[in-house]
Amino acid sequence: MQMCVPVRKPGWVSPRKLLEQKLTHLHKCANILHIKQLHAQIIRANLHLDPFVAPKLIAAFSLCRQIALAVNVFDQIPEPNVHVFNAMIRAHTQNSQGPQAFAAFFNMQSNGVSPDNYTYSFLLKACSGKAWLSVVQMVHTHIEKCGFCSDIFVPNALIDSYSKCGPVGVFAAKKLFLAMGVRDVVSWNSMVGGLVKVGELGEARQLFDEMPERDLVTWNTMLDGYVKAGQMSEAFEFFQRMPERNVVSWSTIVSGYSRAGDMDMARILFDKMPVKNLVTWTIIVSGYAAKGIANEANSLYDQMEDAGLKFDDGTIISVLAACAESGLLGLGEKVHASMDRIRYRCCTPVSNALVDMYAKCGSLDKAYKVFNGIGNKDLVSWNAMIHGLAIHGHGEKALWLFGRMKKESFSPDAVTFVGILCGCAHAGFVKEGLYYFHSMERDYGVVPQVEHYGCVVDLLGRGGRLEEAFRLVNSMPVEPNPVIWSTLLGACRVHNAVDLAAEVLDHLAKLESSDPGNFSMLSNIYAAAGDWESVATMRVRMRSTGIQKASGASSIEVNDEVHEFKVFHKSHPQSDKIYQTIGKLNQDLKRVEYVPIGH
DNA sequence: GTAGGGTTAG
């Protein structure tokens, strides 16, 4: 007799079971090739419409920043359930597509699918920034109507979202926090975080002291509060008192010293920390780069790459911004080259950072090349390019680009007009500048801020229209800040307006008594006018108030080496040659009858 | 689910 029972080895698993096992952790998989392989198997097994598999697939594609593929999976599902919608909302949120997350939410409602507590936590994550306040309020109302506040995740997410919406949001968060019947450590942490974000350090500390229990997140949040407030001695004391520390604690303290410009202390702690990750490396490289310490920034960047760390958007943006700040073109180019080498997929903010870096470092051609290559330009892209042209005196090109921007249906904002006005000021377009200044509110609804007044004061001042500039400063609806007065003082210097300069300095002295630059500027104005008695008086006044002017220096980086220059200094090895060239330039300028404005 | 680096403004 023959046996008809199939013979299978012990431990045999059917192909379908095997696939199901592989799919258990699919939503955490970050390897796109692996996901694509599994995707093919899923389709063959006809599992792609399965309500348990589809959300995982969406999550996996989202994790790899393949949002289009995630949407594709979603679109094939005829009747998505709440889990599928939730996965899609989360995918958009993770990929910084707030508006699309809300579109999915509305889509869900019009399909008659009821949201659950997860829906709201995912949706709330998409709202951060002042502009989202009213949206958070709207979601809050929804939640109260549905009664989801009984799940602590939901009010916690609300507190967190409110906290990211500026002071008004934090106020709403406080109200909610106080009304909560049950709070866990996350509720407290989110509230402390909110207070820290708006600079309410005292109140944050009070809450910290009142907390029934604290975890590492609590300590790190409070530490970040001291760091962001620039209170480094308090921060360090707090850091030392911490019951335990992790890589976040260490990174926070290193970032604090780095922001404060104390790279020695930042480096000591960086070298000492037991575990470093990508964020830590980003902080230290950006810190050195922002200070223009090219050799350290470069060598640490190389070490980071050698350590096998793969940079992300945060690293690139942070390092490029630091290069832009100090003019480290060499490192900026190196970062760009690394990106090209691995064919890094640039999102718009990363491209914008590149444009800004090249523009600020004076490589306008390269900035423009990157700018033109941005497929999805946003307002920041246009603003960065316009401003880049503006600061280098290409007023005409800046205005031309402004025209092109409007043709492509972008509405200018306050930052755009800073660029436009700055471009006009630097190019000497007084009439055009005034025209745009008057048109910004009238035609574009952009209310001039102190920065815009600053540009116009600069514009009028450079054009020699000092009285008008002075009248504007006295009549402007916003309080003039030291920057405005300094700008005016600079214009007085160019035009040798001695009396006005003295008056301006009085205003400045009331606002900031300690900036030595202003005093030495007035003293230079007196000197230029030959009023040596006043120069002497100024010097006495400066000495008696303990004011000392550190001499200003400018620097340029050539072949990984930073060359520093100070006025009248001859410390550079090629000093003679440099002064010879300057002399020749001056002669050339005279030959073409170039007259600096105001002379 | 809460914590560290992140594009445009003199």
Side-chain angles (χ1 to χ4, degrees), chain A residues 96 117-118 120-122 124-125 151-161 163 184-194 196 215-225 227-228 245-256 258-259 277-287 311-322 324 346-357 359-360 374 378-388 390-391 413-422 425-426 449-455 457-458 481-487 490:
Chain A
S96 356
N117 42 353
Y118 284 89
Y120 288 110
S121 333
F122 296 156
L124 282 167
K125 264 216 154 293
D151 176 7
I152 196 154
F153 277 56
V154 177
N156 282 356
L158 266 172
I159 291 177
D160 186 49
S161 302
S163 293
D184 65 3
V185 67
V186 178
S187 334
W188 287 86
N189 286 347
S190 303
M191 197 60 249
V192 173
V196 156
D215 61 10
L216 191 50
V217 176
T218 324
W219 283 88
N220 284 341
T221 306
M222 199 61 226
L223 177 68
D224 188 48
V227 160
K228 294 266 158 69
R245 303 177 193 101
N246 63 2
V247 64
V248 176
S249 334
W250 283 92
S251 299
T252 305
I253 195 82
V254 170
S255 132
S258 169
R259 277 162 199 258
N277 64 13
L278 184 63
V279 176
T280 326
W281 283 94
T282 303
I283 291 167
I284 199 80
V285 173
S286 308
F311 46 75
D312 64 1
D313 292 351
T315 308
I316 301 171
I317 292 171
S318 177
V319 174
L320 289 178
C346 277
C347 61
T348 305
V350 166
S351 304
N352 293 345
L354 272 171
V355 170
D356 183 52
M357 183 278 295
K360 292 234 177 82
I374 305 177
D378 63 9
L379 191 54
V380 175
S381 325
W382 292 94
N383 288 350
M385 195 62 232
I386 289 174
H387 189 253
I391 53 175
D413 69 353
V415 182
T416 318
F417 281 104
V418 173
I420 295 296
L421 295 174
C422 165
H426 283 256
Q449 301 164 2
V450 70
E451 287 88 349
H452 303 105
Y453 284 94
C455 292
V457 169
D458 193 24
N481 60 13
V483 178
I484 302 255
W485 289 113
S486 293
T487 307

Check your understanding: If you look at every strand shown and take non-hydrogen atoms under 4.0 Å, does A:Asp458 touch a base, only sugar-phosphate, or nothing?
Key -> nothing
Practice item. Would you indicate what A:Asn156 reaches in the nucleic acid, counting non-hydrogen atoms under 4.0 angstrom: base, sugar-phosphate, or nothing? Key: base
Practice item. Would you indicate what A:Arg259 reaches in the nucleic acid, counting non-hydrogen atoms under 4.0 angstrom: base, sugar-phosphate, or nothing? Key: sugar-phosphate
Exercise for review: For A:Asp224, report the nucleic acid contact type (base, sugar-phosphate, nothing); a contact means any heavy atom under 4.0 Å.
Suggested key: sugar-phosphate
Practice item. Go through the structure and list residues passing ring pair (Phe, Tyr, Trp, His ring centres under 6.0 Å) with A:Phe122, not counting sequence neighbours. Key: none
Review point. What is the 5' to 3' range of DNA chain B, first to last nucleotide, that sits under 4.0 Å from any heavy atom of chain A?
Key: B:dG1 to B:dG10
Exercise for review: Would you indicate what A:Asp378 reaches in the nucleic acid, counting non-hydrogen atoms under 4.0 angstrom: base, sugar-phosphate, or nothing?
Suggested key: nothing
Point to revise | Distance-only donor-acceptor check, side chains A:Asp378 and A:Thr348, under 3.5 Å | key: no
Check your understanding: Which part of the nucleic acid, if any, lies within contact of A:Ser249, taking any heavy atom under 4.0 Å across all strands shown: a base, the sugar-phosphate backbone alone, or nothing?
Key -> nothing
Check your understanding: Touch check for A:Val350, heavy atoms < 4.0 angstrom, all strands: base, sugar-phosphate only, or nothing?
Key -> nothing
Review point. Is there side-chain contact between A:Asp356 and A:Leu320, with heavy atoms separated by less than 4.5 Å?
Key: no
Check your understanding: Which is it for A:Leu216 and A:Val248 under the side-chain contact (heavy atoms from CB on, under 4.5 Å) test, yes or no, and what are the steps along the way?
Key -> CA-CA 9 Å; A:Leu216 191 50; A:Val248 176; over 6 Å; no
Exercise for review: Tell me what A:Asn246 touches on the nucleic acid: a base, only sugar-phosphate, or nothing, going by heavy atoms under 4.0 Å.
Suggested key: base
Exercise for review: Describe the nucleic acid contact of A:Ser286 in one word from base, sugar-phosphate, nothing, applying a heavy-atom distance below 4.0 Å.
Suggested key: nothing
Review point. Who are the ring pair (Phe, Tyr, Trp, His ring centres under 6.0 Å) partners of A:Phe311, not counting sequence neighbours?
Key: A:Tyr344
**Study point:** Polar side chain donor-acceptor pair, A:Asp160 to A:Ser163, under 3.5 angstrom
**Key:** no
**Study point:** Touch class at under 4.0 angstrom, heavy-atom based, for A:Ser121 against every strand present
**Key:** nothing
Review point. Heavy atoms under 4.0 Å, any strand shown: does A:Thr252 hit a base, just sugar-phosphate, or nothing?
Key: sugar-phosphate
Practice item. Just say parallel, tilted or perpendicular for the rings of A:Phe153 and A:Tyr118, cut-offs at 30° and 60°. Key: tilted
